[in-house]
Amino acid sequence: MDGLPLAIELAAARLRVLCPQQLLTVLGDRLDLLNQGSRAAPARQQTLRAAIDCSFNLCTPQEQWGWARLSVFCGGFDLEAAEAVCAGEKLAREQVLGVISELLDKSVLTMEMQPGLGRYRMLETIREYGRDLLRLGGEEAAVQRRHRDHYREFAARAEADWFSARQETWSTRLCLERANIRAALEFCLNTPHEVDAGLVLAISLWGNALGAGNLEEERRWFGQALARDTEPTPARARALRVDGWLALLLGDISTAQARSDACQDLAERLGDAESLAHAVQFAGLTALFREDLPAAVRLLEEAFDRHRATTDLWAEWMALFFLALAYCLTGDPRASAMAEQCLALCDAHDARWSRSYALWLLGLQHWLRGDTQRAIPLLQDGLRSARSGRNLLGVAQCLEALAWATAQDGRGEQAAAFLGAAQTAWLSVGIALPSLGRLLHYHSECEARLRGSLGDTAYAAAVKRGTKLTLDQATHYALGEPPTPPTPLRPEHPPTALTRRQRQVIELLAQGMTDKQIAAKLVLSPRTVEGHVYRLLAVLGFDSRTQIATWVVENSAPRQGEHDESDPLCAGRR
């Protein structure tokens, strides 16, 4: 009910004929449901819609159009997005800022400050009212297309500018816009003749998705888009490659191989240099994950030569990184020089997100040569870079390799704790363990070494201590600072208690479900679930669904059957 007193009062009145659980299942249509207030009250307080009608009627025509069009946004928006989506017939672009200002004054919008950026939100009830206006005005499809076009262009700019000093800025902004991007993708995949646009949007996000912990969700988007859009285009070739790369990370080698074969065939049919370079690189990566190292080296060398002939700096860096990794795992003496070249390229362009991968690779190379004195500082530096850019995959990789190097140094308990912390980090990405076969072998060797030196009981206890650390605490610990006791996810007396429904949503989020899947499971509307997720982010102080899932993994989910004294519905039942 968004904390609206009238809405809560009207919902409570329905408890005369519905139990709380039944009420929750129908509240997705709150504007039509909450229509039986006290007959003694003024007309505007007898139904929720009438109360909002009153506010709407106080708005100018421009403000009313702005209200309707701004309702297309999910989870907030900035001025740039508002101008791109709202401007059109009856509302000029230069009028949008003034409309936002007036809607803020009328409490239709709220504002929150991000570093260097103001963002605006609508309460879910107000947004639902606006969407009804949009549909009745016949503008819904047009505004959704403008919304989609804005975020497709936004994601394309992020991809084009990714290998630069703005990596961390783009990562933060993409995280803030995740709900809007998800809505744009859903529109594309559920609207005839729009799938190709959704495919292009999904492709633009993949670089950030690698470290942001959305791998399973990204694969769902690609799976749906590739199944519905089978046109032989360069975009499809890229999508096959990206989906296959995500499959490799998740350990799905057979699907990755099928994607690689399809990508190679399509690239040859298309005949353009960029598609062929990426197809050859993907084939080399697939061979690397299959542990066919000779084939991997041969194909990745060819891909590197092809990418050097293009003007795509990020593609060239990735080709260099994967070839250096292949050299590293095969003991090729060129590995160190190529890893240093990877790092130098990151430093030259101040690409800090990518820098964590380069430092991990260089640290891995020194560890394989038995030089832990050089490996550990490099891995710690990589961990710093990954943490500053919120690169979850980089954090997981560096914690894992630090465990191996620390075990080799004879610090068994600390190494086991690092393994535990790495386990939590891998889960936050959506991966159980390192999926590359040779790296998984190193993990198993480290585990066996530690069990042998510590004994099973002490080893298990140390790993458990590591899993109980938050990622931030684990990072401080790995960087040589004294370990601090982990802060429990849910304090004994939290400042804001979670309702039973919020606990159910949290548990399903931790299973990787989308809003639509959660809605089907709980018999709610997707918009209601979206509102629950938005409020959970605010209550828990997080800014992504992944952080909620990680929170559950680290501390275990609340029990569904718990009686929640703070739940207003429970209060009504009492």
Side-chain angles (χ1 to χ4, degrees), residues 211-213 215-216 249-251 360 376 379-380 382-383 386-387 390-409 411-435 439-440 442-492 503 506-507 509-512 540-542 544-559:
L215 302 192
E216 284 287 3
L249 285 174
L250 293 166
W360 167 78
I376 289 175
L379 293 169
Q380 289 174 324
L383 191 57
R387 177 182 61 180
R390 294 191 294 185
N391 182 345
L392 298 177
L393 180 58
V395 168
Q397 287 180 320
C398 290
L399 283 172
E400 181 76 35
L402 273 169
W404 306 341
T406 306
Q408 189 169 315
D409 253 7
R411 290 175 282 155
E413 287 196 9
Q414 190 177 27
F418 287 162
L419 280 182
Q423 177 183 322
T424 299
W426 287 120
L427 287 172
S428 73
V429 180
I431 302 173
L433 284 170
S435 47
L439 299 182
L440 185 57
Y442 297 148
H443 172 91
S444 300
E445 280 188 339
C446 178
E447 185 179 89
R449 178 202 292 258
L450 293 172
R451 286 186 184 277
S453 62
L454 297 175
D456 288 345
T457 302
Y459 168 77
V463 169
K464 186 175 182 179
R465 284 197 299 274
T467 60
K468 288 186 174 181
L469 295 173
T470 65
L471 293 184
D472 189 55
Q473 289 167 342
T475 301
H476 284 298
Y477 181 34
L479 295 177
E481 300 173 4
T484 56
T487 302
L489 182 61
R490 183 179 53 157
E492 290 186 10
R503 291 169 179 160
I506 277 183
E507 291 184 349
L509 276 175
Q511 296 173 28
L540 300 174
F542 295 151
S544 75
R545 298 160 65 94
T546 301
Q547 288 176 304
I548 295 178
T550 305
W551 189 72
V552 175
V553 169
E554 291 175 351
N555 299 268
S556 79
R559 297 187 298 276

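With hydrogens and angles disregarded, no donor-acceptor distance shorter than 3.5 Å links the side chain of Thr406 to the backbone of Ala403.
Side-chain contact, Trp404 with Glu400: a donor N or O sits under 3.5 Å from an acceptor N or O.
Counting only heavy atoms from C-beta outward, the side chains of Arg387 and Leu479 approach each other to under 4.5 Å. Annotation: side chain of Val429 is not in contact with side chain of Val395 (no heavy-atom distance under 4.5 Å). Between Gln414 and Phe418 there is a side-chain heavy-atom pair separated by less than 4.5 Å. In this structure, the side chains of Leu419 and His443 come closer than 4.5 Å at one or more pairs of heavy atoms. Trp426 is listed as a side-chain neighbour of Leu393, based on a closest heavy-atom distance under 4.5 Å. Looking at heavy atoms from C-beta onward, Ile376 lies in side-chain contact with Gln380 at the 4.5 angstrom threshold.
Counting all heavy atoms, side chain and backbone alike, Thr467 lies closest to Gly420 at CG2-O, 3.3 Å. For the residue pair Ala478 and Leu399, the shortest heavy atom distance occurs at CB-CD2, 3.9 Å. The nearest pair of heavy atoms linking Ser428 to Ala425 is OG-O, 2.5 Å. When every heavy atom of Cys398 is checked against every heavy atom of Leu383, the shortest pair comes out as SG-N, 3.7 Å.
Taking OG1 from Thr424 and NZ from Lys468, the interatomic distance works out to 11.5 Å, rounded to the nearest 0.5 Å. Taking NE2 of His476 as the reference point, atom CG of Leu471 lies at 11.5 Å (rounded to 0.5 Å). Annotation: the span from Glu413 atom CD to Ser453 atom OG amounts to 9.5 Å, rounded to 0.5 Å.
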